[in-house]
Amino acid sequence: MSRLNLAFYRDDTLQVARALLGKRLVRVIDGRRQSGVIVESEAYIGEADRASHAAHGRTRRNEVMYGPPGRAYVYFIYGMYWCLNVVTEEAGFPAAVLVRALEPLEGVDLMRARRAGRPDHELTTGPGKLCAALGIDRRLNGVDLTSSEELFLEDDVPVDPNRIAASPRIGLNDKVGSAAVVPWRVYLAGNRFVSAQKARRG
DNA sequence: TATACGATCACCT
DNA sequence: GGTGATCGTATAC
């Protein structure tokens, strides 16, 4: 299994969002691997994207998005959840892909322990859930995914492009205008680990 | 210094 | 269908 390299992340963000589907997200804690296949992601592209954290320019919070590609951008939301992004494109241009859902593969026992009381099919079916399951928090913000020993991505089995579906991104405020409707969420159609709260398009 | 709110989730009816 | 939890961040005073 080979690790994704810098060139993978430096690419066009929408391309990376699609290419991440089927890749393996690996978290290593105390030498134990916990991993899952990415089945859902969302692209956030530049300051012109009004739904992006970079929509109002560079701040201490979003500065990792402005840095080199291949870094983890981990942010805190709603007072209790963490979300994981991978930074894309050239340094200086703020763009990233939010990892929204995983199909668990390795270390499921550890994920169950961190998500006590949740059934297996709800361990990683959302951006907050997967960070809880894999023990991802602010300590990993800015980590270089091309060299880190605790968080990285690997190649896995190729995905049939025909299985990739797209939809508007989830959870955006109406105030972001047209950014709320562009189909920058992508996912593996039919996969049971795609996040699916309520009825949802796509 | 104060305040409003969010790239969510779980639990309620 | 609706909403409370809970706090870092941005922005307004």
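Chain letters run A, B, ... following the sequence lines, proteins first and then strands; every chain starts at 1. The structure displayed is predicted, hence computed values, not measured ones.
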Give the rounded distance in Å between these two atoms: CH2 of A:Trp82 and P of B:dT8.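 For the pair A:Trp82 CH2 and B:dT8 P, the rounded distance is 15 Å.
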Could you state the CG-P distance from A:Leu98 to B:dC9, rounded to the nearest angstrom?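 That distance rounds to 9 Å.
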Does a side-chain N or O of [X] approach OP1 or OP2 of [N] to a distance below 4.0 Å, or not?
X	N	value
A:Arg61	C:dC7	no
A:Lys129	B:dA10	yes
A:Arg138	C:dT9	yes
A:Arg60	C:dA10	no
A:Arg118	B:dC9	no
A:Asn173	B:dG6	yes

Regarding B:dA7, can its base be found pairing with the side chain of A:Tyr75 as donor and acceptor, where the two atoms are less than 3.5 Å apart?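 Pair found.
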Report the relative orientation of the aromatic rings in A:Trp82 and A:Phe76; use parallel for angles under 30°, tilted for 30 to 60°, perpendicular for over 60°.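 Answer is tilted, since the angle falls between 30° and 60°.
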Need the pair for C:dG4. Rule: Watson-Crick or G-U wobble, both distances under 3.5 Å, any strand; none if unpaired.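 When the pairing criteria are applied, B:dC9 turns out to be the nucleotide that pairs with C:dG4.
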Rounding to an integer number of angstrom, what distance separates C:dT3 and B:dC5 when you compare their C1' atoms?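 Between the two C1' atoms, the distance is 15 Å.
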